[in-house]
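We name chains A, B, ... by the order of the sequence lines, and we start the count at 1 in each one.
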Number of protein chains: 2
Amino acid sequence: MKEISDYTQKNAGRPRSQKAHQAILSATRSLMLETGISKLRIEKVAEKAGVGKTTIYRRWKTKEDLVSEAFGSIADKVQIPNTGNKIEDLLKIAKGMIESVSQSFGVSVQKVTPIILEIISNPELMRMYREQYILPRRQIFTHILEESIESGQIRSDVDIDLVIDQLIGTYFYFALMGEDISTLDNRFRKAAHQLVEGIGTKDFH
Amino acid sequence: MKEISDYTQKNAGRPRSQKAHQAILSATRSLMLETGISKLRIEKVAEKAGVGKTTIYRRWKTKEDLVSEAFGSIADKVQIPNTGNKIEDLLKIAKGMIESVSQSFGVSVQKVTPIILEIISNPELMRMYREQYILPRRQIFTHILEESIESGQIRSDVDIDLVIDQLIGTYFYFALMGEDISTLDNRFRKAAHQLVEGIGTKDFH
DNA sequence: TACATTACGATACGAATCGTATCATAAATA
DNA sequence: TATTTATGATACGATTCGTATCGTAATGTA
């Protein structure tokens with residue numbers, strides 16, 4: 001049997017319907033919001049998309065493959081922010097890691113955080129999320145921080161990748177494991193300030 | 001029917017076996033390591049514990065309740081570290097959030113991180129993990145940081161809870177979403193140093 | 001046009017797992 | 001001894017899974 005991922009139309013036979021393809025991905029996204037990933041039923045996706053479940057199983061080997069494409073294909077290019085304030089720029093990019101998803105889905109952040117947690121728990125989906133959502137934003141972070149070094153706001157000897165780890169780690173901890181999302185923005189701003197200015201007394205170093 | 005969680009022996013009838021209770025929790029922990037939580041089968045737990053599945057369903061309403069007790073009941077008191085170096089103390093506590101689990105289970109950290117990710121993804125299990133594993137360590141963090149303020153290493157105007165968020169956030173990002181666990185310790189140490197000393201130039205503030 | 005090929009939607013199917021119900025038996029109290 | 005509750009075993013209907021089968025539709029080729 002032919003590998004699903006190796007599919008190429010061989011100029012013979014009925015071609016796969018692109019309309020069905022998009023309908024399936026759209027139905028997958030819609031139902032994911034209602035049930036999460038673990039309770040997503042392929043048969044329900046088929047019903048909602050108006051296709052037979054055979055069509056889904058023919059195109060995607062596993063549910064993870066389907067979800068990965070449904071989720072990954074809506075990620076779009078990250079805009080470089082320019083609020084005039086570096087801290088606000090950093091916040092905007094950090095928030096984009098989850099808000100870009102909630103905006104694509106047209107729902108609140110609270111609706112998508114459980115799904116993102118499920119994605120992070122699954123190695124294959126995590127790979128997609130890292131590549132499509134995290135890494136592009138790390139590049140923007142790098143750009144912003146390098147600008148800050150050039151402008152003399154940040155020391156040139158700091159480990160930029162590590163700073164990004166600290167910012168993203170703090171943001172995810174707030175967004176995915178926090179109990180109060182309403183104060184997230186201000187806590188992130190203050191955390192960024194503490195990182196810039198340092199919490200030490202300077203007497204020691 | 002009587003609520004399971006409200007169970008109290010009414011001085012009548014055969015009492016519930018405590019031996020079976022512990023055997024069930026132990027079997028749950030053992031099988032969790034092999035299959036994760038989502039694929040944990042109650043029937044397999046019963047078989048491994050040498051009890052009927054009726055006994056499990058009688059005592060725990062849901063799989064989450066069972067896992068929550070099996071996991072939460074092995075959390076023990078957190079020791080206050082005293083390595084002589086505050087950064088090392090912070091690292092030790094942070095690592096304990098995952099290493100205390102791996103040590104209780106007698107397996108490597110890599111074996112338990114997927115399970116902790118599953119726990120974090122489940123609101124009920126996350127509540128247990130927060131109460132049993134995170135909050136006790138936040139208290140130790142607070143203790144260490146207050147000591148550092150008293151000794152003049154850290155400024156008294158810093159937001160300690162926020163510093164803890166930054167440390168824990170960074171640690172979890174490394175441990176749960178990182179790709180290279182071998183350098184985790186050194187990256188955490190360096191991140192803590194960057195937070196203490198600040199990444200800014202002091203020319204701005 | 002006729003034929004070969006592949007995709008289509010519908011549906012039937014066995015397998016796995018779920019949580020409940022039933023049962024005779026065991027272990028406690030009154 | 002009688003009552004009550006727990007025990008382990010097992011049967012059960014309900015879901016969901018992924019596959020197989022079917023006649024039909026849509027394409028390229030002879």
Exam field: side chain E69(A) to backbone L25(A), donor-acceptor pair closer than 3.5 Å: no
Length of the line joining R59(A):CZ and dA7(C):C1', which is rounded to integer Å: 8 Å
Distance-only donor-acceptor test (3.5 Å): side chain K53(A), base dG18(D): yes
Atom pair distance, as rounded to whole Å: NZ in K19(B) and P in dG8(D): 11 Å
d(CD, E43(A); P, dT11(C)) in whole Å: 11 Å
Side chains of K92(A) and T83(A), donor plus acceptor under 3.5 Å: no
Proximal nucleotide (of dG18(D), dG19(C), dC8(C)) relative to the Y57(A) side chain: dG18(D)
Any R58(B) side-chain N or O less than 4.0 Å from OP1/OP2 of dT7(D): yes
Whole-Å distance separating the NZ atom of K39(A) from the P atom of dT17(C): 18 Å
Nearest-Å distance for atom pair NZ/C1', residues K63(A) and dT19(D): 18 Å
For R29(B) against I74(B), the heavy-atom pair lying closest together: NH1-CG2, 3.4 Å
Donor-acceptor contact below 3.5 Å, side chain K63(B) vs main chain I37(B): yes
R14(B) side chain near dT7(D) phosphate (N/O to OP1/OP2, under 4.0 Å): no
Interatomic distance, R155(B) atom CZ to T201(A) atom OG1 [nearest 0.5 angstrom]: 8.5 Å
Whole angstrom value for the distance that separates C1' of dA7(C) from CD of Q18(A): 13 Å
Minimum-distance nucleotide to A12(B) side chain [options: dA28(C), dT4(D), dT7(D)]: dT4(D)
Earlier contact from the 5' end, DNA chain D, for G52(B) and L40(A): G52(B)
Touch class at under 4.0 angstrom, heavy-atom based, for I56(A) against every strand present: nothing
Distance in angstrom units between K48(A) NZ and dG9(C) P, rounded: 17 Å
Any donor-acceptor N/O pair under 3.5 Å between dA7(C) base and T54(A) side chain: no
Rounded distance (Å) that lies between atom C1' of dT6(C) and atom NE2 of H21(A): 17 Å
Short side-chain N/O contact from R41(A) to OP1 or OP2 of dC17(D), under 4.0 Å: yes
